[in-house]
Number of protein chains: 2
Amino acid sequence: MSSEKLTKAIDLQHHLSESSRTRETSPLKGLQKFMRPGVTVLAGGLPSPAYFPFSNIGGQALVPESFPINAAESSSSSMSWLWNMFGSSSKKEKTQTINIPKYPNTPGELSLSTVLQYTPSVANPQLQKIMYEFSTKVFKPAYSDYTTLVHTGNTDGWNRIVVTLCNKGEAILASEWTYPSALHTVIPYGNTIASVAIDSQGMRADSLRDVLQNWDEKARGAPRPHLAYIVPIGQNPTGATMGLARKKEIYDVCVEFDVIICEDDPYYFLQEGKYIPPAERKRVAKQTALVKKAAAAEDSEHFIANLEQSFLKIDYQGRVIRMDTYSKTVAPGARLGWFTCNPMFAERLERQGETTTQAPCGFGQSLVTQLMLDWKYEGYIRWLRALGSQYEVRRDFLIDSLTEEFDMQANYAHTGIWQGTEYYSATPKAHLMSEKYGNKTMFSFVPPTAGMFVWLKVHLENCPRTVREDEEPLEIQLWAAVAEAGVLLGPGWIFSTNTVSGGPLFSEHGHFRIAFSDAQPEVMKSGMKTFAKVMREFFEQ
Amino acid sequence: MSSEKLTKAIDLQHHLSESSRTRETSPLKGLQKFMRPGVTVLAGGLPSPAYFPFSNIGGQALVPESFPINAAESSSSSMSWLWNMFGSSSKKEKTQTINIPKYPNTPGELSLSTVLQYTPSVANPQLQKIMYEFSTKVFKPAYSDYTTLVHTGNTDGWNRIVVTLCNKGEAILASEWTYPSALHTVIPYGNTIASVAIDSQGMRADSLRDVLQNWDEKARGAPRPHLAYIVPIGQNPTGATMGLARKKEIYDVCVEFDVIICEDDPYYFLQEGKYIPPAERKRVAKQTALVKKAAAAEDSEHFIANLEQSFLKIDYQGRVIRMDTYSKTVAPGARLGWFTCNPMFAERLERQGETTTQAPCGFGQSLVTQLMLDWKYEGYIRWLRALGSQYEVRRDFLIDSLTEEFDMQANYAHTGIWQGTEYYSATPKAHLMSEKYGNKTMFSFVPPTAGMFVWLKVHLENCPRTVREDEEPLEIQLWAAVAEAGVLLGPGWIFSTNTVSGGPLFSEHGHFRIAFSDAQPEVMKSGMKTFAKVMREFFEQ
């Protein structure tokens, strides 16, 4: 199947916005046909590279093997590793030298004189190749004429997608809890959000079908949506990860109702596996030691095969625009990522880039490109394997810290939105339990298998407080109490597509997003201690 | 005057677009008030800097004195300097080492761990300070509460201005010949161009008043424009430079009709002075040698004082949004520049940045910032002084090359669009003149005093060719003939605001834009030889 050019089979053109249809190619591009060796170009208006004030740039890059493949495993004999790993360790890092000269001696090498010049709004050729090969090898699109196109980070990428595909007033499908910046991009253009219910795997296919099937154009003041925004792995804020079966269900609904999918996947390589409670971890670790050892020895192909798969894998109609970014795998400041999508959308997205960001920063492009060239594909995959493992340890540490402060019970959900999933519910520690409050659940959560966040559902229905009319809702009061005590959690309501659209809070529960991605372990630990203290005071007043 | 906060005196709020009014601050910004030393932040979602794969970045930067202050002067005894200067000289450049560590030892130093992290959509504090001080010292705004805000290059900056100030369907004032990318940004948003006539100083104040005063809302299908796009120095494509008196006239019209001015000024530091023909150059050079010597010794304050001044200098109402860029003074690939404007617009422009580019690339930001920190203000000014001088030599070389191929006559325009200006008209060399064609003018131009371009007006009315219905217009035929002969010039019609709006060519003349910014001298020379040959064949058929 993957050798067929399937994007020609369906009509994608009608998805383009009015503005995108009228967006023209830069007129100087018309001159390309006159370009041939030896032609004299006085048409440009480029500054001379002689005046670029750098002879070369570069730096010391970590080697791909800087972190172990199985972080927890390789150092489980002591806790000291953790403190070393998290900190700005003063131990000597093993590095390799990155260098990009203005005028390289070898043709074909990355050259500052080129990459710092005005360039088309695509990446330098080396990076183009890296991105294309990466998407091919890792995501294995289901059709053959897909394209990759550089952008300056997924936030800019999403903005370009909205401008390219949506007219003013149209509604966009998004999960009931979503990355707020994605929503704040949309609202000022006069677009609205069509909220879709989620469960432990993120967006629900039945809810998506429901929204589309029962769309009331008159009541909603907009035609049926034709664009869905989905963060499928380690979703922000809920941490939910969508398996391939769910993706297929979602995709089928999108085929039926002719919806384009934006797969915004920044956390793809932060796949952390199942959370094992500390009491069982050692036993499980022992049991799986041999398996893990074997896994560590596996090549990149096996590693890739064991990751959740992208929508691209099942996109036989070219209706997925996938966004990848170096923000979580290199650094957010790289402001560098890429689309993988059908060539027609890619061409329009490129035009949109020409009149906004143009090509991404040449300094960043060249440093990241040279890093990838020096590391090679296998080196970068090695880096990514270790990265997922690092975040696994962080995730475990945060949940362990919560478990130390509460009585934590693993439950299997037979009904409700977590049906078929294991979740944890937290009650006060037995010796701290007040008679009045008893052992009612304070919060519950599904341990994430990917990403940076634990998403707590706070059971405010078990809180005896009443709210006066002049007071903020309980959720906000509780958040503020934790903040006053010195711990800032992600406030749930800012992620609600309902709140962003100007409506009331979506849920009677409170929600907090806790990030385990960057805090030092002692900070997470003391933060959870403080959180527990405030929770008890708040629920047991 | 400059101590007064004058932006409060007039109402700027009503200029904001609908979309800009509804654009919200990122909700996480609301958490700022809870930030205090020692607070535990688990609200973010930042990757750990431990995983940024660079221990440090840096490079070898040219020293500020790399090029002479008076390039032509300091080496006028021989031509060899020119070939050295233009080329990718293999002579040892004098450089200084730039270094940005991930974790600097000294507090307050630029740190990769910070600049490569997610940051607010403003620059790092050091760069913010550099930009603000630069605008203050160089442009001396007429009111005190102006703000500077980083952007990712003037193209992105202009896009942000349009989205922030214009509703769909509104018209934007622009010169009859304008940078096409600025127009192609505007058109897809459903905006149109209100074309304003130019002369040798760029946009004409009387034409601007005319357009505004006689604006027919019904006929134009849009309210009277409230935004003007102006490239005041070395305008693209005409090379025109606007003096302060003209700026005052334009500004007064804008006050009267409540128009916001976008001052897009990428060529500001490529101010080259008056073109002196080669025959006189030596004599003039001798006469002014002492003056120039004195000028060379002058400090940066004198240099700044002798430059054309910015609209900011006379902007007593805060209605100017100035855009500066490092594209022409460092490198286009830096994708880095800044707005200087009133704080209310700056706040809205910042919000617009949050949902698109976010902060500019941290690799580029840190390298440019460290360069500026190491060079210091005086060093950067020294660099800019030399840069203008370099482009002066390039400008002279191109016009000299034209002069070698044609009989060139300096004329003083008593009437017409060049009234009060010296311009050159070109006729065939006497010994190459055909009897049939005689010595009629083939093209004319005003030698630019700034920028990168010579803008030729081609006198097609003197060309005996007739155009069949199935043929392209003469201008396009001529351009293609030059291109077929191996020389690509900037085709005039792509810069016409009339053409871009879908209308016919604005002028009965043809126009070509010739860039002298980056070609090697021998290439410019042979290019002009070829151009002359094709011109003769075309006009003397």
Side-chain angles (χ1 to χ4, degrees), chain A residues 19 22-24 27 31 34 39-48 52-57 59-62 88 93 95 103 115-116 118 152 155-156 159 180 184-185 188 328 331-333 335 355-358 361-364 367 452 483 486-490 494 514-515 517-518 523 527, chain B residues 19 22-24 27 31 34 39-48 52-57 59-62 88 93 95 103 115-116 118 152 155-156 159 180 184-185 188 328 331-333 335 355-358 361-364 367 452 483 486-490 494 514-515 517-518 523 527:
Chain A
S19 76
T22 58
R23 187 163 275 114
E24 282 184 35
L31 309 190
F34 291 97
V39 82
T40 296
V41 183
L42 302 172
L46 310 178
S48 169
F52 299 169
F54 286 93
S55 297
N56 70 293
I57 64 167
Q60 291 302 313
L62 303 193
S88 51
E93 289 167 321
T95 61
Y103 302 110
V115 84
L116 290 185
Y118 284 110
T152 66
T155 300
D156 182 50
N159 176 65
H184 286 284
T185 299
K328 272 76 178 182
R335 299 284 80 216
T355 51
T356 52
T357 56
Q358 301 192 346
C361 172
F363 290 113
L367 285 164
M452 298 181 159
V487 179
L488 295 191
L489 304 178
I494 70 169
I514 313 183
S517 50
D518 62 328
V523 169
Chain B
S19 77
T22 59
R23 187 162 275 114
E24 283 184 35
L31 311 189
F34 291 96
V39 81
T40 297
V41 183
L42 302 173
L46 310 176
S48 169
F52 298 170
F54 286 93
S55 298
N56 70 292
I57 65 166
Q60 290 301 314
L62 302 193
S88 51
E93 289 166 322
T95 61
Y103 301 109
V115 84
L116 289 185
Y118 283 111
T152 66
T155 300
D156 181 51
N159 177 65
H184 285 285
T185 299
K328 272 76 178 183
R335 299 285 79 214
T355 51
T356 52
T357 56
Q358 301 194 346
C361 173
F363 290 112
L367 285 164
M452 299 181 160
V487 179
L488 296 191
L489 305 177
I494 70 168
I514 313 184
S517 50
D518 62 328
V523 170

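Reminder, nothing fancy here: chain letters follow the sequence lines and each chain counts from 1.
- Listed here is the closest heavy atom pair of B/Cys361 and A/Cys361: CB-CB, 3.4 Å.
- Considering only heavy-atom pairs separated by less than 4.5 Å from chain B, the leading option among A/Gly364, A/Gly45, A/Gly362 is A/Gly45.
- Summarising the geometry, atom CG belonging to A/Asn56 is positioned 10.0 Å from atom CD belonging to B/Glu93; distances are rounded to the nearest 0.5 Å.
- We find the CZ-OG1 distance between B/Arg23 and A/Thr185 to be 8.0 Å, quoted to the nearest 0.5 Å.
- For the set B/Thr152, B/Val41, B/Val487, the entry with the most heavy-atom pairs within less than 4.5 Å of chain A is B/Val487.
- Distance CG/A/Leu367 to CG/B/Leu367: 6.5 Å, rounded to 0.5 Å.
- Closest heavy-atom contact between A/Pro332 and B/Leu116: CD-O, 3.1 Å.
- For B/Val115, the part lying under 4.5 angstrom from a heavy atom of chain A is the backbone only.
- Interface check for chain B: of the options A/Ile514, A/Leu488, A/Asp156, the most heavy-atom pairs under 4.5 Å are formed by A/Leu488.
- Nearest heavy-atom pair across B/Thr355 and A/Asn159 is O-CB, 3.6 Å.
- Within the 4.5 angstrom heavy-atom criterion, only side-chain atoms of B/Thr95, from C-beta onward, approach chain A.
- Atom-to-atom distance recorded for A/Leu42:CG and B/Met452:CE is 13.5 Å, nearest 0.5 angstrom.
- Looking at heavy atoms from C-beta onward, B/Ile57 lies out of side-chain contact with A/Ile57 at the 4.5 angstrom threshold.
- Taking both residues in full, the closest heavy atoms of B/Thr155 and A/Gln358 are given as OG1-NE2, 2.9 Å, listed atom of the first, atom of the second, then distance.
- Heavy-atom pairs under 4.5 Å with chain B peak, among A/Ser55, A/Pro53, A/Ala61, A/Gly527, at A/Pro53.
- Pairing each heavy atom of A/Ala331 with each of B/Phe52, the nearest pair is CB-CD2, 3.6 Å.
- Between the OG atom of A/Ser517 and the CG atom of B/Leu46 there is a distance of 6.0 Å, given to the nearest 0.5 Å.
- Between A/Thr22 and B/Pro188, the closest heavy-atom pair is OG1-CA, 3.3 Å.
- Contact tally against chain B (heavy-atom pairs below 4.5 Å) for A/Val39, A/Thr40, A/Thr357: the top residue is A/Thr40.
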